[in-house]
Every structure is written in C-alpha cells, then in structure tokens.
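Structure first, commentary second.
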Amino acid sequence: MENPGKRNIAILGSTGSIGTQALDVIRQHPDRFRAVLLAANNSWEALCSQALEFKAKTVVICNPSHFRKVKDALSGHGISVYSGMKSVCSMVQDPEIDMVLTSMVGFSGLESTLAAAEAGKTIALANKETLVAAGGIVMETAQRHGARIIPVDSEHSAVFQCLQGSGGAPAEKIHLTASGGPFRTWTREQIAAATREQALRHPQWNMGSKVTIDSATMVNKGLEVIEARWLFDMDPEKINVVVHPQSIIHSMVEFADGAVIAQLGHPDMREPIQYALGYPERLRLNNRKLDFARLATLTFSAPDTDRFPALGLAFEAVKKGGSMPCILNAANEAAVEAFLQERIGFYDISGTIEYCMERAGFDADPDLDTIFATHREVLSMARERIDKTAASRTL
Ligand code: MG
C-alpha cells in the first residue's frame with residue numbers, strides 16, 4: 001500500500017539548479033515524496049530522463065518546438081506530455097498534486113504560481129521574482145484560495161524556521177544575511193571591469209546563472225528584501241541587510257525583547273528545499289554538518305551601496321512600492337541576460353535599472369494586467385538602452 005503521508009509534488013523548472021536538487025531530495029526519500037509533474041523550459045533531454053527515472057505522471061515542455069521530441073522519447077511509458085505555459089498552468093491544478101515547487105527563473109514563473117495559488121496548492125516558493133513583481137496580488141490570491149506558501153530561498157527559509165521557535169510572538173525585525181558575492185572585497189574600478197566568468201564564480205553558493213549574477217550585483221538581496229516584505233507581512237523599514245561572508249547564518253529574527261533567533265548551516269540549497277517539501281517534519285539529509293570548533297569566526301558588516309548601486313536602487317524600489325519593484329525586476333532581467341551574453345559591462349546592469357526606474361510609467365496600486373504591461377514595457381525600454389550601450393562599446 002502507498003504511504004498515506006506521501007506527498008505528490010509538481011516541480012516547475014525541474015532541470016534547473018533548484019529543480020535538480022529537489023529531485024535529489026526526492027530520490028533520498030522515495031517513501032515520502034513522489035514527483036508527479038515535471039515542467040522545464042528548453043532542456044528537453046534532461047526532462048525526459050527525469051520523467052523516466054521518477055515515473056512522472058505528466059511532463060510539460062514549455063518551449064513548443066521541443067514537444068515532438070519529448071513525446072517520441074516518452075511514448076509507451078504512460079506519461080502524459082504537454083507543451084506551453086498554458087499547459088503548466090492547467091496541469092499544476094491537477095487534484096492529485098499536493099505541493100508545487102516553483103523554481104522557474106524570473107517573471108516567467110508568475111502565471112504558474114498564480115495558477116497553483118488559485119487551486120489552493122501548498123507552494124514551495126523558489127521563484128522570488130514572482131513576489132517582487134506582483135507580491136500583493138500573489139499573497140492575496142493565495143489567501144483567498146487557502147494556498148500556503150513555504151519559502152525555499154535560503155534566507156526566507158531561515159526566517160520561517162526562526163519563527164517556528166517564537167511561540168507566535170511577532171518579529172520586530174528581520175536580519176537578512178548576504179554573502180557579499182564574488183566582488184565583496186573588490187574596488188569600484190575592479191568591479192567595473194569584471195567579466196561574466198568572474199561574476200559567475202560565487203564564493204559560497206552553487207546556484208543558477210541568473211541568481212549568481214544577481215548576487216554579484218547584490219540586486220539579489222534587494223529582491224529578497226521585497227520577497228521578505230510579502231512573505232512575512234513586514235514593513236520594509238524593519239528588514240535589515242547584513243553582509244556575512246561565511247554564509248553560515250542564513251538569516252535571523254529579532255523580537256521585542258531584543259532576543260535574536262538565527263538559523264545556521266553550511267550553504268547547501270538541499271536543506272531549505274527539503275525543509276519546504278517535508279514541512280513541518282524534519283527529515284534526515286546527508287549533508288555536511290556544522291563543526292563549531294572549526295568554524296572559529298563569523299563576521300558581519302554593513303552593505304556598501306556605493307560599490308553595489310543596484311542594491312541601493314532595490315531599497316528605493318521597496319520604499320516606493322506599487323509597480324516600482326516590477327520595473328526594477330524587468331530592467332534587471334533584461335540587463336542580466338545581456339551581461340551573460342557579454343554585450344554590456346557589469347555596471348551597465350545597475351545603469352539599466354536606474355534608467356528604467358526613472359522613465360517607466362509608475363502605478364501606485366497596479367492590478368495584474370498593469371503588472372504584465374509594465375513588465376513588457378520595461379523589457380523593451382531596457383533592451384533599447386542595452387542595444388545602444390552595446391553598440392557604443394564595440395565602436
Ligand atoms: Mg537567497
């Protein structure tokens with residue numbers, strides 16, 4: 001007989017960094033989890049081998065040009081194959097699914113996250129851009145349909161875990177830790193000349209390329225402040241960022257009496273992923289455990305928004321609210337893509353964000369249509385500026 005406590009999981013973005021680590025967790029606990037739905041954008045071969053290994057019920061390949069190949073590779077295995085984002089949104093509402101891990105990259109994860117929320121699914125949220133662009137709408141939709149959101153982002157998982165120990169007392173302040181990224185000790189001149197390869201070399205965390213570049217610019221921490229604001233219904237003024245290069249403390253919560261609860265561990269994304277999938281239970285994980293005698297030093301410092309202007313812009317966007325975080329996010333997505341293609345320099349990322357934040361149409365209380373329209377408008381505004389910047393670089 002099937003274990004009645006077994007959870008049926010949908011993984012959106014199953015071939016990415018978070019998706020493959022989630023499957024590693026599921027591989028270690030086959031009695032607890034079953035991957036029933038797997039969705040990927042383009043990596044169709046990896047998607048097919050995952051579907052066969054985990055005996056998925058359904059797969060969705062978002063890019064329709066790969067549909068035939070996936071269909072042929074999986075024929076005769078009793079696996080349903082679909083393509084396109086609309087299919088992700090409908091398949092994620094399958095009554096058999098208990099939990100949806102949203103690990104798509106960027107704004108593209110918004111529609112499917114909303115679909116999961118509308119179906120009242122428990123959401124293990126790894127797609128922070130969803131809350132950055134449309135936090136109010138996503139949280140309200142989840143609440144209306146009784147969908148619970150459990151954070152997967154390591155900092156937010158840490159805050160969530162710290163709050164489990166508070167006995168219901170509200171957080172007075174949240175301290176989000178930041179590794180500082182690969183350029184933490186670099187001068188502004190050195191950072192200005194940073195290459196794609198240098199920016200992708202994160203000192204602590206092994207992550208996908210979008211979030212790794214976001215960590216190098218520190219825009220990631222700004223996105224996380226916005227994410228925390230929605231997840232924990234916190235006034236952004238009460239969310240503090242502290243640079244902690246060892247990445248051992250994953251974040252902290254401060255209470256009215258000044259007591260601070262922290263969550264610690266070696267940087268390993270499987271830990272917050274497994275915690276979200278298994279919540280409220282703690283399952284065994286074969287990771288590296290902390291040895292306090294060898295840890296010796298944990299250090300902390302304030303972030304430097306002169307060398308990391310994108311972080312300052314993110315703080316501005318949080319304060320402004322409305323559609324400004326959506327503007328910041330879209331400009332950043334376009335700029336990171338161009339930086340990864342080596343078309344623009346490192347500080348052109350923050351330059352593009354600043355340019356769009358000053359010019360794009362602002363809405364203080366955007367609805368979903370406005371969010372989608374703003375995202376599209378800012379992408380083209382950013383790409384136009386990027387084209388000009390790239391052209392002047394090659395002259
Ligand atoms: Mg994080």
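Order of appearance sets the numbers: ligands from 1, and atoms from 1 within every ligand. Excluded from the calculations below are hydrogen atoms, water molecules and symmetry mates; all remaining heavy atoms, backbone and side chain alike, are included.
In terms of distance to the Mg ion (ligand 1), the nearest N, O or S atom of E155 is named OE1. Sorting the N, O or S atoms of E224 by how far they are from the Mg ion (ligand 1) puts OE2 first. Nearest N/O/S atom of D153 with respect to the Mg ion (ligand 1) is recorded as OD1.
Taking 4.0 Å as the cut-off between side-chain N and carboxylate O, R27 and E53 count as a salt-bridged pair. Salt bridge present: K210 and D214 bring a charged side-chain N and a carboxylate O closer than 4.0 Å.
Because its NZ or CZ atom is not both nearer than 6.0 Å to the ring centre of Y347 and within 45° of the ring axis, R307 does not count as a cation-pi partner of that residue.
Contact check for L125 versus V152: no side-chain heavy atoms found under the 4.5 Å cut-off.
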